[in-house]
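Working notes, beginning with the structure itself.
Residue numbers run from 1 in the order of the sequence given. Owing to the predicted nature of the structure, the values given are computational and were not obtained by experimental measurement.
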Amino acid sequence: HLTHNIDDFNEKDQQQKNLTRISSEFLDVVKAFEAFSFYERYDLKRIRELVPEKINEVIIRSFEMQVHNIQSSFDSYVVYTHSDENLALDQLRSHFSIVFHILQVMGRLLHFYERHLYDVGFKDVYKQVSESLADIIDPDVLLDRAVNFCLFHAWIFLSSGKKLAVRVLNENMETATIEVGIPKDRGFHSRPSLLVAKIVQHYGGEVKMKVAGDEFDASSVLDIQWAGGKIKKEGIEMVSFSGDSRALNDLAILANVNYGEDVMGKGIPLPKELSYLS
């Protein structure tokens, strides 16, 4: 009974914008979740230091909702067919789903632990209930599964999905090229190099810095400083950036304020469009 409009969302430009946005949102989640990454099994003492002080139901539910929203956006706005050509999209969608369900499980385990097994100094009657439940469900085992299984595998699939998201992002993002001046007087030393790299990293797409025929990775502070050495040696006054147009827009804003420095090399307030750099 609904109007047939699925084809309205199948325009290539709109599809690319949707994939760019969804990939960027997923990369933001990966970046935020890095604080909880680990590679060796935690012992119970370390887990109890983390839960619930640093890792708890509220935090995990927040990540769960973010991933669920990304998955919903993908299902609503990305039109694709299952084929070899769209294998990367199938795999990316699978990562959304796996991480979402792992976080669901972890959130429920932490809810049960924090609400029913964790002693926070409530009245005796509540403590008695908690102790009775602990006889049935070992809180140590529950914590182990929540952290050493759920948290660990959530990070594993987020980190492996990062490569797919970067690939999808770079294949679909709008690209452009801009030419801007270099930082006056001091060139690309630490501060301007860091700000350029942070802008590129913020959006996640690939951006190349081009200097007299050579290309440098604009997401790398070290690469930019290498470029700065070439610029200083050859007396170059203009450079170009090519890649993710979203990042280029902000790089142009940064260049217009001399990369956030005055003539003495001291930091100055950045425009509101770049507030995420502070």
Hits for ring-ring contact (aromatic ring centres under 6.0 Å, His included) against His101, two or more places apart or cross-chain, chain-then-number order -> none
Could you list all the ring-ring contact (aromatic ring centres under 6.0 Å, His included) pairs where at least one residue sits in residues 185-219, not counting sequence neighbours? Phe188-Tyr259, His202-Tyr276
Donor-acceptor pairs under 3.5 angstrom involving side-chain atoms of residues 44-53: please list them, not counting sequence neighbours.
from  : atom 1 : to     : atom 2 : distance (Å)
Lys45 : NZ     : Glu49  : OE2    : 2.9
Arg46 : NH1    : Glu49  : OE1    : 3.3
Arg48 : NH1    : Tyr113 : OH     : 3.1
Arg48 : NH2    : Asp140 : OD1    : 2.3

Identify each donor-acceptor pair in which a side-chain atom of residues 154-161 lies under 3.5 Å from a protein atom, sequence neighbours left out, and give them as a table.
from   : atom 1 : to     : atom 2 : distance (Å)
Trp155 : NE1    : Tyr39  : OH     : 3.2
Ser159 : OG     : Trp155 : O      : 2.9
Ser159 : OG     : Ile156 : O      : 2.9
Ser160 : OG     : His95  : NE2    : 3.0
Ser160 : OG     : Ile156 : O      : 3.1
Ser160 : OG     : Phe157 : O      : 3.2

Tell me, with the steps shown, if Thr20 and Arg246 meet side-chain hydrogen bond (donor to acceptor under 3.5 Å, both in side chains). CA-CA 10 Å; Thr20 297; Arg246 301 169 303 165; over 6 Å; no
Can Glu215 and Lys210 be counted as an ion pair, charged N to O under 4.0 angstrom? yes
For residues 234-243, which residue pairs qualify under side-chain hydrogen bond (donor to acceptor under 3.5 Å, both in side chains), counting only residues two or more places apart or in two chains? Thr177-Ser242, Lys230-Glu234
Check ring-ring contact (aromatic ring centres under 6.0 Å, His included) between Phe149 and all other residues, then give those that pass, not counting sequence neighbours. His153
Partners meeting salt bridge (Lys or Arg N to Asp or Glu O under 4.0 Å) with Asp250 (sequence neighbours left out): none
Considering only Ile, Leu, Val, Met, Phe, Trp and Tyr, and joining two whenever side-chain heavy atoms are under 4.5 Å apart, list the other residues clustered with Val221. Leu194
Ignoring hydrogens and geometry, is there a side-chain-to-backbone donor-acceptor pair from Lys198 to Leu277 under 3.5 Å? yes
Stepwise ring-ring contact (aromatic ring centres under 6.0 Å, His included) check, Phe96 with Phe100: CA-CA 6 Å; Phe96 299 160; Phe100 170 61; over 10 Å; no
Could you tell me whether Met238 atom CE has more than 12 heavy atoms of other residues or ligands within 6.0 Å of it? yes
The side chain to side chain contact (heavy atoms under 4.5 Å, CB included) partners of Asp144 (sequence neighbours excluded) come to Arg41, Asn148
Qualifying residues under side chain to side chain contact (heavy atoms under 4.5 Å, CB included), relative to Ala32, sequence neighbours excluded: Phe63
Per-pair distances, 0.1 Å, donor-acceptor, side chain in residues 168-175, under 3.5 Å, sequence neighbours excluded:
from   : atom 1 : to     : atom 2 : distance (Å)
Asn170 : OD1    : Glu206 : N      : 2.8
Asn170 : ND2    : Val166 : O      : 3.2
Glu171 : OE2    : Arg167 : NE     : 3.2
Asn172 : ND2    : Val168 : O      : 2.8

List the residues meeting side chain to side chain contact (heavy atoms under 4.5 Å, CB included) with Asn256, not counting sequence neighbours, and say none if there are none. none
